Number of protein chains: 2
Amino acid sequence: MLIILDEETLLKVVGDRNVVKKQNATIYDVANRVGVSLATVSRVVNGNKNVRDSTKEKVLKAIDELGYQPNAVARGLASKKSTTIGIVMPDVTNLYYAELTRGINDVANMYHYDVLLTNTDDDPVRDVLAINSLESKQVDGIIFMGNELDQGVMKTIDALNIPVVLAGCVDAQKKLPSVNIDYINAFYEITASLLRHGHENVALVMGSLDEAINRDYRLAGYTKALNEVGRQIDEKFLFTTGRDYQKTLELAPKVVASGATAMIVYDDVVAVALLNYLHDHHFDIPGQMELVTSNDTNYSIISRPQLTSIAQPKYDIGAVAMRMLTKLMNNEDLKEQAVKLPHAIVQRQTTHELS
Amino acid sequence: MLIILDEETLLKVVGDRNVVKKQNATIYDVANRVGVSLATVSRVVNGNKNVRDSTKEKVLKAIDELGYQPNAVARGLASKKSTTIGIVMPDVTNLYYAELTRGINDVANMYHYDVLLTNTDDDPVRDVLAINSLESKQVDGIIFMGNELDQGVMKTIDALNIPVVLAGCVDAQKKLPSVNIDYINAFYEITASLLRHGHENVALVMGSLDEAINRDYRLAGYTKALNEVGRQIDEKFLFTTGRDYQKTLELAPKVVASGATAMIVYDDVVAVALLNYLHDHHFDIPGQMELVTSNDTNYSIISRPQLTSIAQPKYDIGAVAMRMLTKLMNNEDLKEQAVKLPHAIVQRQTTHELS
DNA sequence: AAAATTATTGTAAGCGTTTGCAGTAACTAC
DNA sequence: GTAGTTACTGCAAACGCTTACAATAATTTT
């Protein structure tokens, strides 16, 4: 014989309220208690106007009494919306992406979206897997960050029924909505400034040239400034490295050996490593070497001397990207596809007065 | 008259493959194509043995051809499992938590869980909201990080039908499984060491004393060391502050004014701020002031001088917490409820030789 | 006061899976 | 060959909600 105990009886048996986890109430329970249909309860839960005030109150009361919370999964299945977005990013541990993420998160919460987060370490294979997984979880939108939009990734995104916005990530084909700073100009400006100050040999330290953001943006800005004063790029001043402190420490002597007297660096971790190498080898900074980094994370304030940096509105890049995504999810049109947020050059201690 | 076009016809009309997003295939489509029932397809998808090999192959082939991907939401509703876990944390932007998160994420992915991430800025109200939201999304488990388990939060967790593991977060009542280092001993050791080296006045810089982790752990270890040499705590050497660079800069002169000749700091951002204050005011470190921090994030390597630190296996704390959670979600028993991972003291440049 | 309109509520068909149970086919042992 | 097993497969009922559409009640209009 099967005995089904009600909660109170069960309590007596078990003796400890904490052991008796109440089965979560369903919309059905609420409807029953009030004596209305599921549809009515659903309407009040979803803020539908077509409910008499008196009914609404009764339902609300019952919801409160039962501690009813709509089951988001069931909701998702029925409505095809999950009120969840996905973030695909290289690494939470990198301050640059962490701050973008923070911006995304805050705006997402503001619009009552939850956030599914995946680290892919810039591995296109994992990017694709992540996107597929997000699709199967029926996210309403995706924000993609990372150095490079691999072809396979692009294809996957293309086949998606879900809006995607890029944040701090460049799409050479300009097919996807994105939020960035004007990388070309930023690198142009800082290079030009350094050249104006008499530097003959300005090193550029970037990520892989296979990535559009380095090749077509950072390097392009640098080249433009050089060309403008009638000079060509000299490969010996070009360096590439991953965002890794230790590895960059190994790269440092090579940069020094190149004869550069100034360097522009694409990432703060990399810049700090170079700076510390110079510091530990008693270089005079900025006397012997000027140094500009480009993400303006906490690192550039914390380092001694403090790093002059291209400042990006990181939090805002994330926030704006997320805001755009909400519009897309809402089938609204975007005014701009490729949003460029303003950047600045923050003068600190690793350069002389800039202008 | 309503005309429903098949994809190919639609293609001819629209002319652009990219505009025709294929409707995702369902389990039903697969079953139809092979000529078996839904149940059979479901079985092969879920790796159930009871399927003849030849059938299995046919199904697999159809799945491949249709590009079928199970709908995780429907699955979740039917099976009551979401293969998703939730993380509730103060702030992704804090390197300490970011590294824990990284550990959690990697292990979660290893076990094919996705991760829902919420920042709550240590606000108990938002903690509760986040947990409720996660519950309604039917996550299979939750990892909670943060300074303090507020009463309300505790209550919410108690009422949950979902396993929760704490990471880098202390539960004074020891009711919840958790992963930490042995904070008491860590702070005891470093304090004792500093005392042995002749410091009369050792400052302790922590977060709020309302939080158990500060009051009952960090302070307790510090006190123990003091008592051991027959001394009492002197309130004038106790300082509390949030994890904020600028605010700590304001606190710094007070710490100096206290007459302390050594300080133990609970967070790297805070420690770096203090260090930089001292550096910028030309203090001799460690000559005039020794400084120990306690999270050993990148900051302590990047700062100049580099920070001596209590080293925590941050990534592993996250990883182990997640591993424990998988067991709990699998209804396995835990060997230990409160796991303590080993810590170490990493000697760098802000202290003299320790012992 | 009947008709027309509008506001409110209920009915029931999904949404795409999983899964217990029942049925059928294939195999084994006698 | 028959009974007893075992291996496969299918049926159909959930899971908890949303949402057309239909039905009823309340209100206005004439």
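Not measured: the values here are computed from a predicted model. Here is how names work: the chains are called A, B, and so on, in the same order as the sequence lines, proteins then strands, and each is numbered from 1.
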Rounding to a whole Å, what distance do you find between Asn32(A):CG and dG10(C):C1'? 14 Å

Answer yes if the side chains of Asp171(A) and Ser178(A) hold a donor-acceptor pair under 3.5 Å, and no otherwise. no

Show me the protein contacts with nucleotides 4-7 of chain C, counting only N or O atoms at under 3.5 Å.
none

Any side-chain heavy-atom pair from Val107(B) and Asn109(B) closer than 4.5 angstrom? no

Donor-acceptor list for residues 328-337 of chain B side chains, cut-off 3.5 Å, not counting sequence neighbours:
from, atom 1, to, atom 2, distance (Å)
Asn330(B), ND2, Glu332(B), OE2, 3.0
Gln337(B), NE2, Lys175(B), O, 3.4

Between P of dA7(D) and NZ of Lys49(B), the distance in whole Å: 13 Å

Within the 3.5 Å criterion, strictly below it, is a donor on Lys137(B) or Ser82(A) matched to an acceptor on the partner's side chain? no

Can you find a pair of side-chain heavy atoms, one from Val44(A) and one from Leu60(A), that are under 4.5 Å apart? yes

Should Arg102(B) and Asp121(A) be marked as a salt bridge (charged side-chain N to carboxylate O under 4.0 Å, His left out) after you check the CA-CA gap, both sets of side-chain angles, and the distance that decides it? CA-CA 11 Å; Arg102(B) 192 61 219 258; Asp121(A) 292 309; 2.7 Å; yes

Between the side chains of Asp106(A) and Tyr315(A), does any donor sit under 3.5 Å from an acceptor? yes

Upstream residue (5' side of DNA chain D) when Gly35(B) and Lys80(B) are each assigned their closest nucleotide: Gly35(B)

Nucleotide dG20(C), atom P - distance to CG of Asn48(B) in whole Å: 10 Å

Separation of dC15(D) atom C1' from Asn161(B) atom CG, nearest Å, is 16 Å

Sugar-phosphate, base or nothing in reach of Val36(A), heavy atoms under 4.0 Å: sugar-phosphate

In whole Å, I'd like the distance from the CG atom of Asn24(B) to the P atom of dG16(C). 9 Å

So do Glu135(A) and Thr156(A) actually touch side chain to side chain, heavy atoms under 4.5 Å? no

What's the NZ-P distance between Lys58(B) and dT9(D), to the nearest Å? 8 Å

What does nucleotides 17-27 of chain D look like as a protein-contact string, B for base, S for sugar-phosphate only, - for none, at under 4.0 angstrom between heavy atoms? BSBB-----S-

Looking only at the side chains, is there a donor atom on one of Thr84(B) and Asp114(B) sitting less than 3.5 Å from an acceptor on the other? no

Starting at atom NZ of Lys56(A), determine the distance to atom C1' of dT8(C), rounded to an integer number of angstrom. 14 Å

Most 5' of Gln138(B) and Ser54(B) on DNA chain D, judged by nearest nucleotide: Ser54(B)

